[in-house]
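To start, the structure itself, in structure tokens.
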Amino acid sequence: MAERITPRSENYSDWYVDIVLNAQLADYSPVKGTMVIRPRGYAIWERMQSALDTMFKETGHQNAYFPLLIPESFLKKEAEHVEGFAPECAVVTHGGGEELEEPLVIRPTSETIIWSMYRKWIQSYRDLPLLINQWANVMRWEKRTRLFLRTTEFLWQEGHTAHASAEEAREETLRMLDVYRCFAEEHMALPVLTGIKSEAEKFAGAVDTYAIEAMMQDKKALQAGTSHFLGQNFARAFDVTFQTADGALDHVWATSWGVSTRLIGALIMAHSDDRGLVLPPKLAPTEVAIVPIFKNQNRTEVLGYADRLHQTLKGSYRVVLDADENNSPGWKFSQWELFGVPIRIECGPRDMQNNQVVLVRRDTGEKLPVAAGAAPQRIAELLQQIQQALYDRAHAFRQANTRDIDNYDDLVAFFEGDGGFARVAWSGSPEAEARIKDDTKATIRVLPFGNQEQAAGKRCIVTGEPARHVAILARSY
RNA sequence: CGGGAUGUAGCCUAGUGGCUAAGGCGCCUGCUUUGGGAGCAGGAGACCGGAGGUUCGAAUCCUCUCAUCCCGACCA
């Protein structure tokens, strides 16, 4: 029998690991905390990259590549930055059989090396804005790792932009946050909250950190992407100045923003079920799997029928024909479900007689017989419906598990129970934030856009002081 | 970095001092099958995580060590 997937209800962590391993997305590799992204997982990443890269280009960015190794001294130039990252840096001390003059840090992020270069490339306001993105691997020595969600090495993209004014840099920060929101919603079918992070949760070295935040099926929050307004912090640290149109000298304004292979973890935890992976059609490496059902006496005919269907669909869809003769149809059904293929097409002798095929939705299991000639059109519609249904289901789930709470005891009870997202009024005091964390293990995920004005007239859930913010609280990954 | 658990064939597991380490899945060969994880027959595959020790004898007991997973403190 095939591998059993631990049901979500039994153990969510085990379920997650079972999905990743059995759907062949990734595998553990020999070094603690590192993993191999297998072809089925990497193909998803490639689709993510392709969609995001297009969006980055459409917003005026260019790709470049900066080196993996960063002089240790660079990290130390920005005070908060070094404090934030020093504990999780891997450091190269030897090369070519000799101890290095200066240790080299394996990048945990590239602000420092990039700004050291921007110093050379930026002299005038005419050189701005400078809009660069890089696709790269980074390394953060995490104490505790989880496949895709937090590994020692991971793949991501990091955008680093330089601007002549604070306003422009802020605009850029929000523009890219919106690109992430759009990508999450439209491609990943993942509803996200957008907003700003609290002081405690922001990026080391940023003035403001914005994030998209999603709810997973266990009601925990996952930060799916961040966009930072860096102010002039890195420009000052690396002495990056430019001459303005009126001849003055000013430090450059900066942003950085990134999403990582963690998004694959988000995808899994948002949509998949106890039968295996469920992928939104737009990111599914294979959209359609054709499973012919034949007996010995009609093998040639049925395979021919399936093959003609395959030929018909090949030009328009990412489709595979599973013509293997050893595994039973039932086995193949389970297998393609495990792999998360959005639509399976069953075609057997009965279908052939009726000149039809059976489309099976991965998300609902629903079986839909359709005339063979209508299949291409129906598939297009169905893929869209599945994409939308996944989004709607995730959105409804988040709505159902988000509660407005205005009493501290209720808040504590909420997180002692099933938990979810708690929407509360908050004074802005770090002490209040810390107390919530101590008492509930929940943190401020985001101060969401759109309803901050609702804080007016309310009192902080912890201190009772006048509230200045609406905060979303949740336990998180 | 603390707490817990586990390392026996590709995977899962049995074996808790005594013959040649057992079974299931998977894999290979052949036949038969195929509308929800098929059947039969045959076959390959393990220095039992590593090192040291106790013993006539160790997968099994002891010591050390390594690795991984899970739960907490820290984080894309």
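From a predicted model like this one, the values you see are computed outputs, not experimental measurements.
- Residues A:Glu301 and A:Met352 share a closest heavy-atom pair of O-SD, 3.5 Å.
- Rounded to whole Å, the separation between the C1' atoms of B:C19 and B:U33 comes to 42 Å.
- Below 30°, between 30° and 60°, or above 60°: for A:His187 and A:Phe183 the angle between ring planes is below 30°, a parallel geometry.
- Scanning for side chain to side chain contact (heavy atoms under 4.5 Å, CB included) contacts around A:Thr59 gives A:His61, A:Arg175, A:Met176, A:Val179, with sequence neighbours left out.
- Between the OH atom of A:Tyr180 and the P atom of B:A76 there is a distance of 14 Å, given to the nearest Å.
- Rounded to an integer number of Å, the gap from CH2 of A:Trp15 to C1' of B:C69 is 18 Å.
- Taking the nucleotide of RNA chain B with the nearest heavy atom to each of A:Ser476 and A:Ser334, the more 5' of the two is matched to A:Ser334.
- A pairwise comparison of heavy atoms in A:Pro342 and A:Leu383 identifies CB-CD2, 4.1 Å as the closest pair.
- For RNA chain B, the residues of residues 351-371 of chain A within the heavy-atom distance limit of 4.0 Å (strictly under) are A:Asp351, A:Val358, A:Lys367, sorted by number.
- Taking the side chain of A:Arg144 as heavy atoms from C-beta on, and the options B:C71, B:G36, B:A76, the nearest nucleotide is B:C71.
- Residue contacts for A:Gly258: at a heavy-atom cut-off of 4.0 Å it reaches no nucleic acid atom on any strand shown.
- Only the P atoms considered, B:A9 is 10 Å distant from B:G50, to the nearest whole Å.
- Here the separation of B:C71 from B:A58, taken at their P atoms, is 39 Å to the nearest Å.
- Taking atom P in both B:U54 and B:U63, the straight-line distance is 15 Å, to the nearest Å.
- A salt bridge is absent between A:Glu431 and A:Arg435: the closest approach of a Lys/Arg side-chain nitrogen to an acidic carboxylate oxygen does not fall below 4.0 angstrom.
- Ion pairing between A:Lys197 and A:Glu213 holds under the 4.0 Å rule for side-chain N and carboxylate O.
- With RNA chain B read from its 5' end, the first of the two nearest nucleotides for A:Phe294 and A:Lys437 is the one closest to A:Phe294.
- Atom CD of A:Glu301 and atom P of B:U34 are 15 Å apart (whole Å).
- Of the candidates B:C70, B:G35, B:G37, the closest approach to any side-chain atom of A:Gln335 belongs to B:G37.
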Between protein and nucleotides 65-68 of chain B, what N or O pairs are separated by less than 3.5 Å?
unit_1 : atom_1 : unit_2  : atom_2 : d
B:U68  : OP1    : A:Lys32 : N      : 2.6

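- Contact check on A:Arg344 versus A:Glu337 returns a salt bridge, with a Lys/Arg side-chain nitrogen under 4.0 Å from an Asp/Glu carboxylate oxygen.
- Between A:Asp363 and A:Arg361 there is a salt bridge, since a side-chain N of the basic residue sits under 4.0 Å from a carboxylate O of the acidic one.
- Using a 4.0 Å cut-off, no side-chain N or O of A:Thr109 falls inside it from OP1 or OP2 of B:A76.
- A salt bridge between A:Lys367 and A:Glu346 is present, with a side-chain N of the basic residue lying under 4.0 Å from a carboxylate O of the acidic one.
- Within the nucleic acid shown, A:Pro108 has no heavy atom closer than 4.0 Å to any nucleic acid atom.
- A donor N or O paired with an acceptor N or O is found under 3.5 Å between the base of B:G36 and the side-chain atoms of A:Arg344.
- One can place CZ of A:Arg475 at 12 Å from C1' of B:G72, the figure rounded to the nearest angstrom.
- Using a 30° and 60° split on the angle between ring planes, A:Trp15 and A:Tyr12 fall in the tilted class, from 30° to 60°.
- A straight line from NZ of A:Lys143 to P of B:C69 spans 16 Å, rounded to a whole angstrom.
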Donor-acceptor pairs under 3.5 angstrom involving side-chain atoms of residues 200-211 of chain A: please list them, not counting sequence neighbours.
unit_1   : atom_1 : unit_2   : atom_2 : d
A:Lys202 : NZ     : A:Glu199 : OE1    : 3.4
A:Lys202 : NZ     : A:Ala206 : O      : 3.0
A:Lys202 : NZ     : A:Val207 : O      : 3.3
A:Asp208 : OD2    : A:Arg170 : NH1    : 3.0
A:Asp208 : OD2    : A:Arg170 : NH2    : 3.2
A:Thr209 : OG1    : A:Phe203 : N      : 2.9
A:Thr209 : OG1    : A:His228 : ND1    : 2.8

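- Looking at heavy-atom distances under 4.0 Å, A:Thr443 makes no contact with the nucleic acid at all.
- Put simply, A:Phe154 rests on the base of B:A76: the two rings are less than 5.5 Å apart at their centres and nearly parallel, under 30°.
- Not a single donor-acceptor pair, N or O on each side, falls under 3.5 Å between the base of B:G37 and the side chain of A:Glu337.
- Within the nucleic acid shown, A:Arg299 has no heavy atom closer than 4.0 Å to any nucleic acid atom.
- Taking each heavy atom of A:Met139 and A:Ile106 in turn, the nearest pair found is CB-CG2, 3.7 Å.
- Using a distance-only test at 3.5 Å, with no hydrogens or angles considered, no donor-acceptor pair links the side chain of A:Ser50 to the main chain of A:Glu46.
- Listed nucleotides B:A38, B:C70, B:G35 differ in distance to A:Ser13; the shortest reach to its side chain belongs to B:C70.
- Between the P atom of B:A76 and the CH2 atom of A:Trp141 lies a distance of 18 Å, rounded to the nearest Å.
- The same atom, C1', is picked in B:A14 and in B:A22; the two are 7 Å apart, to the nearest Å.
- Comparing B:A59 with B:G17, their P atoms sit 13 Å apart, to the nearest whole Å.
- Base contact: A:Glu142 has a heavy atom under 4.0 Å from a base atom.
- Separating the NZ atom of A:Lys295 from the C1' atom of B:G39 is a distance of 15 Å, rounded to the nearest angstrom.
- If you measure from atom OH of A:Tyr12 to atom C1' of B:C71, you get 17 Å, rounded to the nearest angstrom.
- Relative to the side chain of A:Ile293, the nucleotides B:U34, B:G37, B:A76 differ in distance, and B:U34 lies closest.
- With pairs defined as Watson-Crick or G-U wobble and both atom distances under 3.5 Å, the stems of at least three pairs that touch RNA chain B come out as B:1-7 with B:66-72, B:10-13 with B:22-25, B:27-31 with B:39-43, B:49-53 with B:61-65.
- Classification of the A:Trp253-A:Phe229 ring pair by plane angle, with boundaries at 30° and 60°, yields parallel.
- Remark: A:Arg47 is not positioned above the aromatic ring of A:Tyr42, lacking an NZ or CZ atom under 6.0 angstrom from the ring centre and at most 45 degrees off the axis.
- When the P atom is used for both B:U8 and B:A76, the distance is 35 Å, rounded to whole Å.
- Below the 3.5 angstrom threshold, one finds no donor paired with an acceptor across the side chain of A:Ser328 and the base of B:A38.
- A donor-acceptor contact closer than 3.5 angstrom links the side chains of A:Thr6 and A:Asp18.
- Atom P of B:U20 sits at a distance of 22 Å from the matching atom of B:G24, rounded to the whole Å.
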Quick one: which protein N/O atoms are closer than 3.5 Å to N/O atoms of nucleotides 7-10 of chain B? Pair and distance per line, please.
none

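- The aromatic rings of A:Trp156 and A:Phe154 sit perpendicular, their planes meeting at an angle over 60°, well past the 30° parallel limit.
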